[in-house]
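All ligand and atom numbering here is 1-based and tracks the order in the structure. If you read the sequence from its start, that first residue is 1, and numbering goes on from there.
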Amino acid sequence: MPTLIFDQSIPGRRGVTIPASGVPERDLLELLGPELLRQSPPELPEQSELEVVRHYTRLSQLNHSIDTGFYPLGSCTMKYNPKVNEAVARLPGFADLHPYQPAEQVQGALALMYDLQSWLGALTGLPHVCLQPAAGAHGELTGILMIKHYHRHHGNRRTKVLVPDSAHGTNPATAAMAGFEVVTVQSNERGLVSVADLKAHLDDQVAAFMLTNPNTLGLFEEDILAISQAVHEAGALLYYDGANFNAILGAVRPGDMGFDVVHQNLHKTFSTPHGGGGPGSGPVAVSERLAPFLPVPAIVRRPDGSYALDFERPLAIGRMKAFFGNFGVLARAYAYIYAHGHEGLRQVSRDAVLSANYLKARLGDAYEVPFAQSCMHEFVMTSDRQKAQGVNTLSIAKRLIDFGIHPPTIYFPLIVHEAMMVEPTETESKEELDRFVEVMLQIADEVRDTPDLVNSAPHTAPIGRVDEVLAARKPNVRWRKPQTAR
Ligand SMILES: *Cc1c(COP(=O)(O)O)cnc(C)c1O
């Protein structure tokens, strides 16, 4: 690990020269009040510009990223983010806007948002869209709260939300946060929702069924029309977790499958850098019956072609976020969509699905693939066989780091033991996919011949194995000035 330059502060050393303030001190006192003025300078580390540049450049190189290597992290869609998106998001006319500017002054930004809403409406088959939610999980909360208000508006207080046992953890968490009891629906032996178990749980207390299609095993729910019919016959609504839209972009629409509401992760499917906590964007798209409940303000187009913010929506659930969403992510998604167009977006999904099936076919002998049917944009393997040889999935994941490859998602979905969930995405070349295959096959050989080598990996990373539980429960992310003895 490089040493922290913060700990090597040298008093008086400077990287920048701050110009003298043009505001006289007595005016500052009057403007801010004495309580807001510092009495002593902040205790910031003092270093030269060169040392600061080297420090942050070294730090940035410690991280794996999609710009430095393959990143097959299932369910996360770590695809390449084209740099033109960054240029668009940084255009001064977008980046320098202030959220308090009146609508007349931000017509370009509103036009972009309106247009993006239309695209998302067209791609989902659910025409009414709100761009406010700041992440996928936030979009889920928005959607489920709308469903709650919908039932209340119709005089029902339904108490339960159904989720499949393969669901992403945010689904049950969302339903619980919105005050619902979470009821699990079993998957069948093919990794799909058991329609019989679903029907057994459907009654007049069920508000919604939350589903992902393809599901988190990367499998397409072929019975989706029977599922949506059963859910609607019970008076419940169908929620689509569209975080993994990469699989079906331009090929099939949740609205046509009978879903009432979908959230999308713009930061996954529509290529915004993510991982490490955001910012993201999780717009929701809904059918006619949920449209009145969408958050305010709505972006509307007036007959004269200008755009405005509409707050007059009596049934709206309120606001889900200060201002209008993470606008920079919206600008990136817009750029991505226009760079591809209809046909290009369709090709994205075809290629994502092809890549996943290619890897599944090539790795299916060395590792076990529990569900044999062809997959969508990702697939799940198990290292049960390797575990029997004394090496678990965690060690295989750690060993991949030695080859400059980010591990896949592991131990998820929960219904597959020793799971490894691989999502190659459409942006990797066949050569890179082949290299991944060679590495995985080599690791399978190592498990058989030199298991200690795998069990003690990683060998090349700056940090070996960390206590992940401690890191999650007690994250230490703040620098404090070391206490020096006086
Ligand atoms: C990523 C993901 C989410 C959550 O999205 P965030 O933006 O991380 O909140 C929800 N569901 C699925 C299936 C996902 O892959």
Side-chain angles (χ1 to χ4, degrees), residues 66 71-79 81 120 124 130-145 161 163-178 182 187 191-193 208-221 238-249 254 259 261-285 320-321 325-326 328-330 332-333 349 352 356 375-380 406 408-416 419-425 472:
I66 188 63
Y71 209 141
L73 192 64
S75 210
C76 295
T77 311
M78 290 292 185
K79 62 172 156 188
N81 307 296
L120 298 179
T124 56
C130 170
L131 301 173
Q132 275 179 33
H138 198 203
E140 290 175 32
L141 185 65
T142 306
I144 290 293
L145 287 177
V161 166
V163 293
D165 56 7
S166 62
H168 193 271
T170 50
N171 295 181
T174 294
M177 265 187 86
V182 179
S187 300
L192 306 175
V193 168
F209 181 38
M210 293 180 88
L211 190 60
T212 309
N213 196 16
N215 65 25
T216 50
L217 296 164
L219 304 175
F220 193 79
E221 296 283 355
L238 195 56
Y239 184 98
Y240 186 96
D241 177 338
N244 294 312
F245 219 65
N246 228 37
I248 61 164
L249 210 49
F259 285 90
V261 46
V262 48
H263 86 261
Q264 293 201 311
N265 280 22
L266 298 189
H267 45 291
K268 291 180 182 169
T269 312
F270 299 99
S271 79
T272 278
H274 64 288
S281 178
V284 290
M320 286 307 288
K321 189 177 185 306
N326 283 328
V329 182
L330 306 180
R332 288 175 178 88
S349 286
C375 63
M376 297 295 286
H377 65 306
E378 63 193 1
F379 68 101
V380 177
H406 194 286
T409 298
I410 55 173
Y411 299 112
F412 177 81
L414 305 176
I415 54 175
V416 174
M420 289 188 285
M421 182 192 211
V422 176
E423 179 180 8
T425 81

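- Between Met320 and Val284 there is no side-chain heavy-atom pair separated by less than 4.5 Å.
- Taking a cut-off of under 4.0 Å to the non-hydrogen atoms of Ala135, the atoms of ligand 1 that pass are 7 (O), 9 (O).
- Looking at atom 5 (O) of ligand 1, its nearest protein heavy atom turns out to be Asn265 ND2, 3.0 Å.
- In this structure, the side chains of Leu131 and Ser281 stay at 4.5 Å or more apart for every pair of heavy atoms.
- For ligand 1, the polar-atom distance check finds no N/O of His138 at less than 3.5 Å from any of the ligand's N/O atoms.
- Looking at His267, its side chain never comes within 3.5 Å of a backbone N or O of Thr272 through a donor-acceptor pair.
- Of all atoms in ligand 1, numbered sequentially from 1 with element shown, those under 4.0 Å from a heavy atom of Asp241 are 10 (C), 11 (N), 12 (C), 13 (C).
- Among His263, His267, Glu378, His168, the residue whose heavy atom lies nearest to atom 3 (C) of ligand 1 is His168.
- Within the structure, the closest approach of Glu140 to ligand 1 falls below 4.0 Å when heavy atoms are considered.
- For the pair Leu330/Asn326, no side-chain contact is recorded, criterion being any heavy-atom separation below 4.5 Å from C-beta on.
- A donor-acceptor contact shorter than 3.5 Å links the side chain of Glu221 to the backbone of Val193.
- If you number the atoms of ligand 1 from 1 as listed, the ones under 4.0 Å from a heavy atom of Asn244 come out as 13 (C), 15 (O).
- At a threshold of 4.5 Å between non-hydrogen side-chain atoms, the residues Ser75 and His168 count as touching.
- Looking only at protein heavy atoms, the nearest one to atom 6 (P) of ligand 1 is Gly136 N, 3.4 Å.
- The side-chain heavy atoms of Glu423 and Pro72, taken from C-beta on, include no pair separated by under 4.5 Å.
- For atom 8 (O) of ligand 1, no protein heavy-atom neighbour is present inside the 4.0 Å cut-off.
- Atom 14 (C) of ligand 1 has Lys268 NZ, 2.9 Å as its closest protein atom, hydrogens excluded (heavy atom only).
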